[in-house]
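Single-structure report; data block below.
Along the sequence shown, residues carry numbers from 1.
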Amino acid sequence: MSTPGESGESGESGEATRPAPLPAPLPATLPGLVAERSVVVCCGSGGVGKTTVSATFALAAARAGRRSCVVTVDPARRLADALGVESLPNTPSEVEGDWPGHLHALMLDSKGTFDDLVQRYARTPEQAEAILANRLYQNLAGALSGTQEYMAMEKLYELVNSGEFDIVVVDTPPTRNALDLLDAPRRLTRFLENRLFRALLVPTRMSLRAVGVATQALLRTISKVAGAEIVQDAVGFFQAFEGMEDGFRSRASAVHELLADPATAYVLVTSARPDAVTEAGFFAEKLAERDVAVAALVVNRIAPSFGDPGGAVAVDSAPELGALEANLAALNALAAREEQAYSGLAAQVAPAPVGRIPLFGQDVHELLGLQRAADQLFS
C-alpha cells in the first residue's frame, strides 16, 4: 500500500517512487493561502512594512489552527516589536495568544546557523572544532557575500523539514537582496565547483612541495600581499573543510528544490509609493523569469476611501462644514490616486489575490495592532 504522495509502483531498487509534484493552483483568497501552503516568502522593498505583513501571515495561520513560524533576516527589532516580545533567538520561540494554533518566531543568526551546518556535515567533532576555531572561517561566516541570504534559506529548510510546523513564513531582505536570497543555493554550488576553490584545496591534500608551480606561485604572492599568517589560516581552513563539499552541495540542491516547490508561495508586499510599486514590479518580473507565479499581492499603508457622504450640505447654508467637506474630498482623491498607482501591478500579477491594509494611526508595536492588521487582510 502506497503512502500519500507516492505511487504503488516500484523501480528496480524496489523502493516506491514519488511522482513529480503538480503545480499548486493560485488560492482564490488570502485565507486560502495561509490555510493551504507550507512556505510563504514575503518580498518587497524596504520601508513598506514587510516584517509586519510577514508576522500577520503567521498570525493568520495560527488563527486558522495551524502551527506557524515566522523568520526574519532583519537584525533590527521590527519583528519582536510587532509580536510584542523583548527579543527573538535563532531558534523558534512561541508567542502566546488566544488562537487555536501555535505561533512561533525567530530572528536569523547567520553565524550561528553556519556553525550548525558545519557541525552537521563535519565527519568528526574534531573536524568541526578545527573549522569553527579557524580565524578565516570566523571572518567568512559573518562577512562573505551571500552568507546571510544562504543561511536564511538553510534555516527555512531546517524548519520545514523539522516536522514541527505546518507553515513557515520568511521575511526577506529588501527586494534586490531577496533576489540574492533566492539565488544563494546556486551560488554556493558554483563556489564549491569553482576552479580556484579546488586549487586551494590542493595544498590540503598533499604537501606544498607536491603542488603545481602555479599554485605555489599563487600562495607565495598572497603571502607577500596579505601575510604568511593569513595564508596559513586559509590553508588550515581548506584542510579542515576537506571532505565536506558533497554534504554542502547536496544540501544546497535540496534548498533550491524547496524554493522551486509549488507549495512555496511568493507574496509581494508594497505600499502605494511609486518607487515601492516599481520595485515590486521588478521582483515580479524576476520571478516570472524563473517560471514562478506571484501567489498574492499585499498593499500596505494605503489611504482609506470614505466614499460619498450622501446629500452634501450647501456651504453657504452651513459654512462650518465647508472645511470638512474639502478635507473629505482631498482624502478620497488621495485614495483614488493610490489605487491607480498600484492597479498596474495588480494587473501584472493577476490572477493573484490582492490584500489591502489601511494606514493606521500608529505603527504596529504589539499583538493588538498585529491582530488588527490581520483582521483587515484576512477577514
Exercise for the section: Scan side-chain atoms only and decide if Thr51 and Asp171 contain a donor-acceptor pair under the 3.5 Å cut-off. Expected result: yes
Handout entry: Note: Arg120-Asp116 ion pair, threshold 4.0 Å (strictly below)
Key = no
Exercise for the section: Using a strict 4.0 Å threshold on nitrogen-to-oxygen distance, state whether Arg290 and Glu285 make a salt bridge. Expected result: no
Where [X] and [Y] come nearest, the two heavy atoms and their spacing:
X	Y	answer
Asn300	Gly49	ND2-CA, 3.6 Å
Ala60	Val34	CB-CG2, 4.3 Å
Trp99	Val95	CZ2-O, 3.4 Å
Ala80	Leu88	N-CD1, 3.9 Å
Ala61	Ser68	CB-CB, 3.8 Å
Leu30	Gly355	CD1-CA, 3.6 Å

Could you tell me whether the side chain of [X] and the main chain of [Y] form a donor-acceptor pair under 3.5 Å?
X	Y	answer
Ser253	Ser250	no
Lys50	Thr172	yes
Asn161	Tyr157	yes
Thr278	Pro274	yes
Asn332	Phe306	yes

Exercise for the section: Kindly indicate, with the supporting measurements, whether the criterion side chain to side chain contact (heavy atoms under 4.5 Å, CB included) is fulfilled by Phe114 and Leu132. Expected result: CA-CA 10 Å; Phe114 207 160; Leu132 298 179; over 6 Å; no
Could you check whether any side-chain heavy atom of [X] comes within less than 4.5 Å of a side-chain heavy atom of [Y], counting everything from C-beta outward?
X	Y	answer
Asp81	Arg78	no
Ile167	Val40	yes
Val168	Val71	yes
Val299	Val354	yes
Leu117	Glu154	yes
Cys42	Val269	yes

Roughly how far, to the nearest 0.5 Å, is the [atom2] atom of [Y] from the [atom1] atom of [X]?
X	Y	atom1	atom2	answer
Ile131	Asp115	CD1	CG	10.5 Å
Glu339	Leu334	CD	CG	11.5 Å
Ile357	Ser271	CD1	OG	11.5 Å
Asp261	Arg37	CG	CZ	9.5 Å

Exercise for the section: Report the C-alpha distance between Leu106 and Leu159 in whole Å, list the side-chain angles of each, state the deciding distance to 0.1 Å, and finish with yes or no for side chain to side chain contact (heavy atoms under 4.5 Å, CB included). Expected result: CA-CA 11 Å; Leu106 68 88; Leu159 294 170; 3.9 Å; yes
Could you pull out all residues at least two apart from [X] that satisfy side chain to side chain contact (heavy atoms under 4.5 Å, CB included)?
X	result
Ala55	Leu79, Leu83, Leu370
Ala122	Gln127, Ala128, Met244
Glu94	Glu96, His102, His104
Val277	Thr270, Tyr342, Leu345

Taking only residues two or more places apart in sequence, or in another chain, which ones meet [X] in a side-chain hydrogen bond (donor to acceptor under 3.5 Å, both in side chains)?
X	value
Arg372	none
Thr113	Asn90
Tyr121	Arg251
Thr52	none

Practice task
List the steps and the verdict of side chain to side chain contact (heavy atoms under 4.5 Å, CB included) for Leu287 and Phe283.
Solution key: CA-CA 6 Å; Leu287 285 179; Phe283 190 77; 3.4 Å; yes
Handout entry: Pairs flagged by ring pair (Phe, Tyr, Trp, His ring centres under 6.0 Å) wherever residues 45-65 is involved - sequence neighbours left out
Key = Phe57-Phe378
Exercise for the section: Begin with the C-alpha distance, continue with both residues' side-chain angles, and end with the deciding distance and a verdict on side chain to side chain contact (heavy atoms under 4.5 Å, CB included) for Val267 and Leu297. Expected result: CA-CA 6 Å; Val267 174; Leu297 170 66; over 6 Å; no
Practice task
Identify, with sequence neighbours excluded, every residue that meets salt bridge (charged side-chain N to carboxylate O under 4.0 Å, His left out) alongside Glu338.
Solution key: none
Practice task
Scan for salt bridge (charged side-chain N to carboxylate O under 4.0 Å, His left out) pairs involving residues 53-68, sequence neighbours excluded, and state none if there are none.
Solution key: Arg63-Asp375, Arg67-Asp166
Exercise for the section: Could you list all the salt bridge (charged side-chain N to carboxylate O under 4.0 Å, His left out) pairs where at least one residue sits in residues 268-278, not counting sequence neighbours? Expected result: Arg273-Asp275
Exercise for the section: Establish whether Leu359 and Leu377 are linked, either directly or via other cluster members, by ILVMFWY side-chain heavy-atom contacts under 4.5 Å. Expected result: no
